[in-house]
A.B. asks: 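There's a structure below that I have some questions on.
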Amino acid sequence: MTYVLYYSPGTASLALHWMLIELGAPFEAIKVDIEKDEQKSPDFLKINPAGHLPALVVDGKPHAEVAAMLMLLAERDPERRFDVPAGSPERADYLQRMFFLANTVQPAFRAWFYPHEPAGPEYVAPVQAMARARLEAAFTRMDANLSDGRTYMLGERVTALDFLAAMLIRWSRNMPKPATDWPRLKAYADRMRAMPSLREVHAREGLTDWIGG
Ligand SMILES: N[C@@H](CCC(=O)N[C@@H](CS)C(=O)NCC(=O)O)C(=O)O
């Protein structure tokens, strides 16, 4: 059955859009205009009551949360190319790293990009300072995870984790100290940027920065 992806260019939907392309899965992509706050429209709130992107319709039912949907797409792939199934040796690392990105890194980015949310416009500067410190600490950990020379976040093959990790590295591109200032993350980002599907999703979403290195 065809998936339906609700997306906005460059946002958290990018990882799903990218994986759908890489998998060659049948899907329809519906653009939601964040500039016009369409993600808060009554019609979209029926799809994702949180008013966030992405949303992914699976078997006719809408779902949200990018990390969860990446894991779902990976396990639904008939060849399970990017899945790390229960019982496999890397499973605990996979879950830990996936949840670290979703629970720690994504909220810090949310605070960086939406700094008024936690405490209003008055506290934008301290919120961004906190977000920056948390993100830089996270980049240090992600970089250290690659210190044994592994090619991808979990080892020698691409998993669902890499779609999320590479997207988050991309999000840091305009920060004072982007993730690519960490040498192993830079080399990793370059490897991911060589994937034709990452180039393709940039083209489809009309994104031109970062992908060129
Ligand atoms: N926890 C959600 C967060 C999604 C999220 O924050 N999406 C942002 C774009 S990156 C969004 O929808 N922003 C518009 C808004 O919050 O109104 C996920 O992981 O999917």
Side-chain angles (χ1 to χ4, degrees), residues 3-21 25 27 29-58 61-76 82 94-121 123-124 127-128 130-132 134-135 138-139 142 153 159-175 178-179 192 198 201-202 204-211:
Y3 296 104
V4 181
L5 173 71
Y6 290 84
Y7 81 102
S8 171
T11 69
S13 46
L14 184 135
L16 284 178
H17 200 175
W18 172 20
M19 193 195 268
L20 285 163
I21 293 170
F27 74 96
I30 298 176
K31 192 166 164 176
V32 177
D33 193 342
I34 278 201
E35 301 300 317
K36 293 190 186 147
D37 255 357
E38 281 177 1
Q39 76 281 12
K40 307 293 186 214
S41 69
D43 280 350
F44 188 75
L45 291 176
K46 283 184 208 145
I47 294 160
N48 181 7
H52 291 155
L53 294 161
L56 184 72
V57 178
V58 181
K61 194 168 167 243
H63 298 275
E65 296 301 327
V66 59
M69 290 305 106
L70 284 171
M71 293 172 75
L72 187 80
L73 282 180
E75 71 183 42
R76 285 171 59 98
F82 308 118
Y94 174 63
L95 293 176
Q96 180 190 315
R97 287 174 195 194
M98 207 69 183
F99 278 75
F100 171 71
L101 295 182
N103 276 352
T104 300
V105 182
Q106 274 189 254
F109 269 116
R110 179 93 200 173
W112 176 260
F113 287 121
Y114 301 81
H116 59 282
E117 281 186 343
Y123 294 99
V124 157
V127 166
Q128 274 205 323
M130 178 213 66
R132 183 182 165 186
R134 287 191 179 167
L135 286 167
F139 299 152
M142 289 165 70
M153 282 293 162
T159 67
L161 187 60
D162 293 294
F163 292 82
L164 191 54
M167 181 187 78
L168 296 174
I169 290 171
R170 179 183 186 279
W171 283 3
S172 74
R173 69 198 180 284
N174 296 322
M175 291 187 69
M192 298 309 288
L198 185 52
V201 74
H202 274 70
R204 289 198 201 180
E205 296 198 358
L207 305 170
T208 50
D209 58 344
W210 189 77
I211 190 67

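Both ligands and their constituent atoms are indexed starting at 1 by order of listing. For the single chain, residues carry numbers from 1 onward in sequence order. Just so it is clear, the structure is predicted and the values come from calculations on it, not from any experiment.
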A.B. asks: Below 3.5 angstrom, do we get any N/O pair linking Gln39 and ligand 1?
C.D. replies: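 Yes, there is a polar N/O contact under 3.5 Å.
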A.B. asks: Which bit of Phe113 is near ligand 1, meaning a heavy atom under 4.0 Å away: side chain, backbone, both or neither?
C.D. replies: neither
A.B. asks: Check the orientation of Phe27 and His17. Use parallel for under 30°, tilted for 30 to 60°, and perpendicular for over 60°.
C.D. replies: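 Rings of Phe27 and His17: perpendicular, over 60°.
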A.B. asks: Please state whether Tyr114 comes within less than 4.0 angstrom of ligand 1, counting heavy atoms only.
C.D. replies: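 Checking ligand 1 against Tyr114, which is what was asked, there is a heavy-atom contact under 4.0 Å.
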A.B. asks: Note the single closest protein heavy atom to atom 4 (C) of ligand 1, along with its residue, its atom name and the distance in Å.
C.D. replies: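 So the nearest neighbour among protein heavy atoms is Leu53 O, 3.2 Å.
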A.B. asks: Which of the atoms of ligand 1 are close to Gln106, meaning less than 4.0 Å from one of its heavy atoms?
C.D. replies: 18 (C), 19 (O)
A.B. asks: Report, in ascending order of atom number, the atoms of ligand 1 lying under 4.0 Å from any heavy atom of Ala12.
C.D. replies: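 Within the 4.0 Å cut-off of Ala12, ligand 1 contributes 10 (S).
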A.B. asks: Provide the closest heavy-atom pair for Met19 versus Leu70 in the form atom of the first, atom of the second, distance.
C.D. replies: CE-O, 3.6 Å
A.B. asks: For atom 2 (C) of ligand 1, tell me which residue out of Lys40, Glu65, Arg110 has the closest non-hydrogen atom.
C.D. replies: Glu65
A.B. asks: Is there a polar contact, in the sense of an N or O pair closer than 3.5 Å, between Ala67 and ligand 1?
C.D. replies: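 N/O-N/O distance under 3.5 Å: no.
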A.B. asks: Are side-chain heavy atoms of Met192 and Trp18 found at a separation under 4.5 Å?
C.D. replies: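 Contact flag for Met192/Trp18 side chains = yes.
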A.B. asks: Can you tell me if Gly51 contacts ligand 1 (heavy atom of the residue under 4.0 Å from the ligand)?
C.D. replies: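 Gly51: in contact with ligand 1 (<4.0 Å).
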A.B. asks: Give me the atom names and distance for the closest heavy-atom approach of Ala55 to Asn48.
C.D. replies: CB-CB, 4.3 Å
